[in-house]
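Along the sequence shown, residues are numbered consecutively beginning with 1. For ligands, and for the atoms within them, numbers begin at 1 and follow the listed sequence.
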Amino acid sequence: MLVLLVGGLVLALGLLITFFWRSTKESQGGVRYPNSLPSLPVIGSLLHLGNRLPPHILFCSLQKKYGSLYSFKMGSHYMVIVNNHEHAKEVLLKKGKTFAGRPRTVTTDILTRNAKDIAFADYSPHWKFHRKLVHSALCMFGEGTVAIEKIISREAASMCQTLSNFQNSPLDMAPELTRAVTNVVCALCFNTRYSRGDPEFQAMQNYSEGIVDTVAKDSLVDIFPWLQIFPNKDLDILKKSVAARDQLLQKKFKEHKEAFCSETIKDLMDALLKAKLSMENNNSNISQDVGLTDDHVLMTVGDIFGAGVETTSTVLKWAVAYLLHYPEVQKKIQEELDAKVGFERYPLLSDRRNLHYLEATISEVLRIRPVSPLLIPHVALEDSSIGEYTIPKDARVVINLWALHHDDEEWENPGAFNPDRFLDENGNRIYSPSPSYLPFGAGIRVCLGEALAKMEIFLFLSWILQRFTLEVAEGDALPDLEGKFGVVLQVNKFKVIARLREAWHDIEITT
Ligand code: PLO
């Protein structure tokens, strides 16, 4: 009897699996869907994804069995994973508008008050308008101005001063790098800065860590929203962290509203306020559709702030970690700096065109450890295709940037850190030696802060390396290069000794 029952169960399960198994190169009525991992009702392919490997690595390894474009089900969501640059560019550029959607998830909805921001909000005319507005505000206060170079240099000087105060003793550089980057974004958004030890800066670091650790990780609540009814530690951390962030944003917003004067726009928050007020005054029908609520302004600034701080500081941390592993690269950058900038002045943005090796090193850091190894998922807004495969409306399309940057058909020995791959035989820069390189994404949703980030990374690293040689303390292990997957690829903590170079002894660091 028992044998019969077990036999029946096994048979039923077998049938179910076969039924839901979209096997290799399945074609339905001439339509060809991507290869699919086996999936079960309700849970989808979860059992086949395992959780030993970080997702970007797991998605690379699944290519062996399923090819470079494959699909699976996460709960009820149909996911498509893109692992090569031709398909990635089709999604991001050629069919950018078709794939410009974003999924709604429990955690990103908490972060963005139901998608009132830019990065996680779905595609719509309102979103397009909103993004354009922020882009022009960023241009006004960032990219195009001399002011931004001054601001970054001021922060670089302050950071170098801290490093020299810690001469010869091991220091966790992460908070210093983060504060420098935070102050640049603070200057842009709020026209303020934080000094070392400021409790508000500490609070900001704490909540940001809470958010990075818990948001948009495809955790179970994002797959099965009904799980929210159960107690959930991560969700509690996220909610607390978001509440702390919102309190701070709200305070800045209130101060800006009170001091607002449309003649003197001092920062990005003022610029957004001005746009909001002028739309309200126009009071036309269009402004109903494209109007900016307080929530939109707050969440937009939250995005710029979060993206501006977490991404750039992460790249800088990765850069320092690699420089410690490759002292010969560090030495070459310093030789270039000594020859092209010297010791009489500090580095300027205009030096970028002469410091090829430093620029190549930055490009290589962005290749080998992309900040956002899976980008943010895209959603198909209508039935479409990628390559020869049919992609149904609402499919969630994940671009595995890690796979693009580690594709051994495109990169020689992709696991090796080698800035020279971004230089030609005469030492001149090659901007992209392979089309399989998209550190800032591409298309309609390309990173808004690319230009600003590149300026900051260049200036901070050139200031540091002009003055200091970075080493690990004797007996200390070199930093871990694996990182921790999350909404950004985080760097594990490590300590550094920043040794002031000979030429700088007895010289004060000022801008
Ligand atoms: C970082 C933590 C902040 O507290 C909130 C925040 C806002 C915008 C997010 C950012 C976090 C992480 C990096 C993101 C950015 C928007 C675009 C950027 C996701 C969560 C990337 C890499 O796409």
Next on the checklist: Can you see whether Y78 has K73 sitting over its ring - NZ or CZ less than 6.0 Å from the centre and within 45° of the normal?
Outcome noted: no
Contact table, ligand 1 N/O with protein N/O, distance under 3.5 Å:
{"from": "ligand 1", "atom 1": "4 (O)", "to": "S208", "atom 2": "OG", "distance (Å)": "3.2"}

Checklist outcome for this item: Sorted by chain and residue number, the side-chain hydrogen bond (donor to acceptor under 3.5 Å, both in side chains) partners of T293 (sequence neighbours excluded) come out as H296
Next on the checklist: Quick check with a 6.0 Å cut-off and a 45 degree axis cone: is R429 positioned over the face of Y431's six-membered ring?
Outcome noted: yes
Please list every donor-acceptor pair under 3.5 Å in which a side-chain atom of residues 365-380 meets a protein atom from a residue at least two apart or in another chain.
{"from": "R367", "atom 1": "NE", "to": "E364", "atom 2": "OE1", "distance (Å)": "2.8"}
{"from": "R367", "atom 1": "NH1", "to": "H405", "atom 2": "O", "distance (Å)": "2.8"}
{"from": "R367", "atom 1": "NH1", "to": "P414", "atom 2": "O", "distance (Å)": "3.0"}
{"from": "R367", "atom 1": "NH2", "to": "E364", "atom 2": "OE2", "distance (Å)": "2.9"}
{"from": "R367", "atom 1": "NH2", "to": "P414", "atom 2": "O", "distance (Å)": "2.9"}
{"from": "R367", "atom 1": "NH2", "to": "A416", "atom 2": "O", "distance (Å)": "3.1"}
{"from": "R369", "atom 1": "NE", "to": "L481", "atom 2": "O", "distance (Å)": "2.7"}
{"from": "R369", "atom 1": "NH2", "to": "Y322", "atom 2": "OH", "distance (Å)": "3.2"}
{"from": "R369", "atom 1": "NH2", "to": "L481", "atom 2": "O", "distance (Å)": "2.8"}
{"from": "S372", "atom 1": "OG", "to": "L375", "atom 2": "N", "distance (Å)": "3.4"}
{"from": "H378", "atom 1": "ND1", "to": "F99", "atom 2": "O", "distance (Å)": "2.9"}

Item to check | Parallel, tilted or perpendicular: ring planes of W411 versus Y437, cut at 30 and 60 degrees | outcome: perpendicular
Next on the checklist: If the condition is side-chain contact (heavy atoms from CB on, under 4.5 Å), which residues does K251 pass it with, not counting sequence neighbours?
Outcome noted: E200, E255
